[in-house]
Amino acid sequence: MDTGMRERLMTIYDLLYAAFGPQHWWPGDSELEIVLGAVLTQNVAWSNVEKALFALKSRGLLSIPALAALPASQLAEFLRPTRYYNQKAARLQALVKMVQDAFGGDLDRFLAQDTAVLRCTLLGLKGIGPETADSIILYAARRPLFVVDAYTRRIFSRLGLVEPHADYHHVQELFMANLPADEPLFNEYHALIVCLGKAVCLARNPRCACCPLVNLCVQGREGRLEGGASPDGRNPATKHASRRNRR
DNA sequence: GTCCCGTTGT
DNA sequence: ACAACTGGAC
């Protein structure tokens, strides 16, 4: 384990924690809610996921047998706020039916499987890719797998620690090879990344002026050096400079 | 108009 | 590499 890189990753963690505080993830009352939320939040704002989960909860449908028995078209209506509602309805039902058929509807027993086996089973389902699988494993099964999402890629490529188009496994290895396999740490770290990603390190107009990591960041530093009084951190000089710095 | 805790099939 | 899936909040 590269102690220099470990120090850098922990410094970033400490700065994020100081800025945003503990996040207490996953937001949800049950393991089933975590699993459903992990699928429903794909490419959708969490506020929309909450609407869908509330629609199910208020009708007493937050159980594996109830979800499995629901007509797909009716489930899709409840999932409408989460975009791709037809796809997500079919995929959620495939998931809950698998737990019902292969594990007698016992979600705890499904989640208690060996981590590698669980991951393969999840990845074998349509609609569950690496991020969703790892979210379920970290936040519902409570195993120390680092979750990589679009925010992680964006933030850590802007920090200059990964290539902009590095694949999922490569980014995951940056964290897992340099940090202790500590479930509470991975839980909080990913939550803090999401916090920074949605409030500060935005895709088009990053708010570098109020970023707790600005002193560690290639883009943020350039924006500041080149007269980046620009509150949104976007000016022609910044764009040009960051392009020049790419490999 | 911007942004969103992606995955699949071409 | 890229389109399809295809809603709501600020």
Side-chain angles (χ1 to χ4, degrees), chain A residues 13 16 20 22-28 31 33-56 72-73 75-95 98 119-142 145-158 162-172 175 186-208 210-211 230-234 239:
Chain A
Y13 175 85
L16 292 175
F20 299 115
Q23 299 301 303
H24 304 115
W25 271 28
W26 185 285
E31 284 172 347
E33 266 188 76
I34 296 171
V35 172
L36 299 178
V39 174
L40 294 179
T41 196
Q42 290 169 2
N43 214 34
V44 179
W46 180 254
S47 56
N48 287 20
V49 177
E50 288 181 319
K51 290 181 190 304
L53 287 177
F54 180 78
L56 294 171
S73 60
L75 179 56
E77 281 309 305
F78 296 131
L79 302 187
R80 185 176 282 277
T82 69
R83 306 179 84 179
Y84 325 132
Y85 42 87
N86 289 315
Q87 277 193 351
K88 285 178 178 176
R91 289 164 177 182
L92 276 191
Q93 284 202 309
L95 172 60
M98 183 275 293
R119 193 170 197 271
C120 283
T121 308
L122 288 167
L123 290 176
L125 293 164
K126 294 296 177 207
I128 298 190
E131 180 188 337
T132 307
D134 290 344
S135 291
I136 291 170
I137 294 169
L138 176 62
Y139 290 103
R142 304 262 167 200
L145 274 193
F146 204 94
V147 175
V148 175
D149 63 350
Y151 292 141
T152 313
R153 279 210 187 71
R154 191 161 76 214
I155 292 166
F156 285 83
S157 67
R158 284 174 175 171
V162 298
E163 298 295 319
H165 299 296
D167 67 23
Y168 187 94
H169 182 71
H170 183 88
V171 182
Q172 186 174 51
F175 296 93
F186 288 3
N187 176 321
E188 196 62 51
Y189 208 148
H190 176 68
L192 289 166
I193 286 169
V194 170
C195 212
L196 185 75
K198 69 172 159 197
V200 179
C201 200
L202 305 182
R204 309 260 187 109
N205 303 333
R207 299 171 181 163
C208 302
C210 66
C211 180
S230 160
D232 60 2
R234 176 194 54 160
K239 282 187 171 177

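In what follows, chains carry the letters A, B, and so on, assigned in the order in which the sequence lines appear, proteins first and then strands, with residues in each chain numbered from 1.
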(message) If I pick the P atom on dC5(C) and the same atom on dC4(B), what distance separates them, to the nearest angstrom?
(response) 22 Å

(request) Report which part of the nucleic acid Leu125(A) touches: base, sugar-phosphate, or nothing (heavy-atom distance under 4.0 Å, all strands). (result) sugar-phosphate

(message) Please compare Thr132(A) and Cys201(A) by the position of their nearest nucleotide in DNA chain B and report the one closer to 5'.
(response) Cys201(A)

(request) Provide, to the nearest angstrom, the distance between the CZ atom belonging to Arg207(A) and the P atom belonging to dT2(B). (result) 14 Å

(message) If I take atom CG from residue Leu196(A) and atom CG from residue Leu16(A), how far apart are they, to the nearest 0.5 angstrom?
(response) 5.5 Å

(request) Output yes when a side-chain donor or acceptor of Lys88(A) lies under 3.5 Å from a complementary backbone atom of Leu79(A), and no otherwise. (result) no

(request) Could you tell me the separation between the OH atom of Tyr168(A) and the C1' atom of dT7(B), rounded to a whole number of Å? (result) 13 Å

(request) Would you grab the first and last nucleotide of DNA chain C (5' to 3') that comes under 4.0 Å of any non-hydrogen atom in chain A? (result) dC5(C) to dA9(C)

(message) Using a heavy-atom cut-off of 4.0 Å across all strands, would you classify Arg153(A) as base, sugar-phosphate, or nothing?
(response) nothing

(message) For a quick check of understanding: with a heavy-atom distance under 4.0 Å over all strands, which category does Ala150(A) fall into, base, sugar-phosphate or nothing?
(response) sugar-phosphate

(request) Just jot down the side chain to side chain contact (heavy atoms under 4.5 Å, CB included) partners of Tyr13(A), sequence neighbours excluded, or say none. (result) Met10(A), Tyr17(A), Leu185(A), Glu188(A), Tyr189(A), Leu192(A)

Side chains of residues 35-46 of chain A: which donor-acceptor pairs under 3.5 Å do they make with residues two or more places apart or in other chains?
from     : atom 1 : to        : atom 2 : distance (Å)
Gln42(A) : NE2    : Gly127(A) : O      : 2.9
Gln42(A) : NE2    : Thr132(A) : OG1    : 2.8
Asn43(A) : ND2    : Tyr84(A)  : OH     : 3.1
Trp46(A) : NE1    : Glu50(A)  : OE2    : 3.3

(message) Between Asn187(A) (side chain only) and Trp25(A) (backbone N and O only), is there a donor and an acceptor less than 3.5 Å apart?
(response) yes

(message) Just verifying a value: how many Å separate Asp149(A) CG and Arg153(A) CZ, rounded to the nearest 0.5 Å?
(response) 8.5 Å

(message) At a heavy-atom distance below 4.0 Å, what parts of residues 80-93 of chain A sit against DNA chain C?
(response) Arg80(A), Pro81(A), Arg83(A), Tyr84(A), Tyr85(A), Asn86(A), Gln87(A)

(request) Indicate the ring-plane relationship of Phe146(A) and Phe175(A), choosing parallel, tilted or perpendicular according to the 30° and 60° boundaries. (result) parallel

(message) Does Gly37(A) reach a base, just sugar-phosphate, or nothing at all? Heavy atoms under 4.0 Å.
(response) nothing

(request) Please answer whether the main-chain N or O of Cys201(A) pairs with a side-chain N or O of Arg154(A) as donor and acceptor at a distance below 3.5 Å. (result) yes

(message) Test of understanding: with side chain to side chain donor-acceptor pair (under 3.5 Å), list the residues that count as partners of Gln172(A), not counting sequence neighbours.
(response) Asp134(A)

(message) Would Ile128(A) and Arg91(A) count as a side chain to side chain contact (heavy atoms under 4.5 Å, CB included) here? Give the steps.
(response) CA-CA 8 Å; Ile128(A) 298 190; Arg91(A) 289 164 177 182; over 6 Å; no

(message) Using a 4.0 Å cut-off on heavy atoms, which residues in residues 39-55 of chain A reach DNA chain C? List them by number, or say none.
(response) Asn48(A), Lys51(A)

(message) What's the closest nucleotide to the side chain of Ala203(A) if the choices are dT2(B), dC4(B), dG6(B)?
(response) dC4(B)

(message) What is the distance, to the nearest angstrom, from the CG atom on Asp149(A) to the C1' atom on dC3(B)?
(response) 14 Å

(request) Using the P atom as the reference point in each nucleotide, state the distance between dT6(C) and dG9(B) in Å, no decimals. (result) 14 Å

(message) Does Ile193(A) reach a base, just sugar-phosphate, or nothing at all? Heavy atoms under 4.0 Å.
(response) nothing

(request) Specify the closest pair of heavy atoms between Pro206(A) and Arg158(A), including all atoms of both residues, with the distance to one decimal. (result) CB-NH1, 3.6 Å

(request) Give the rounded distance in Å between these two atoms: CG of Leu79(A) and C1' of dT7(B). (result) 16 Å

(message) Rounded to the nearest 0.5 Å, what separates atom CZ in Arg142(A) from atom CD in Glu31(A)?
(response) 8.5 Å

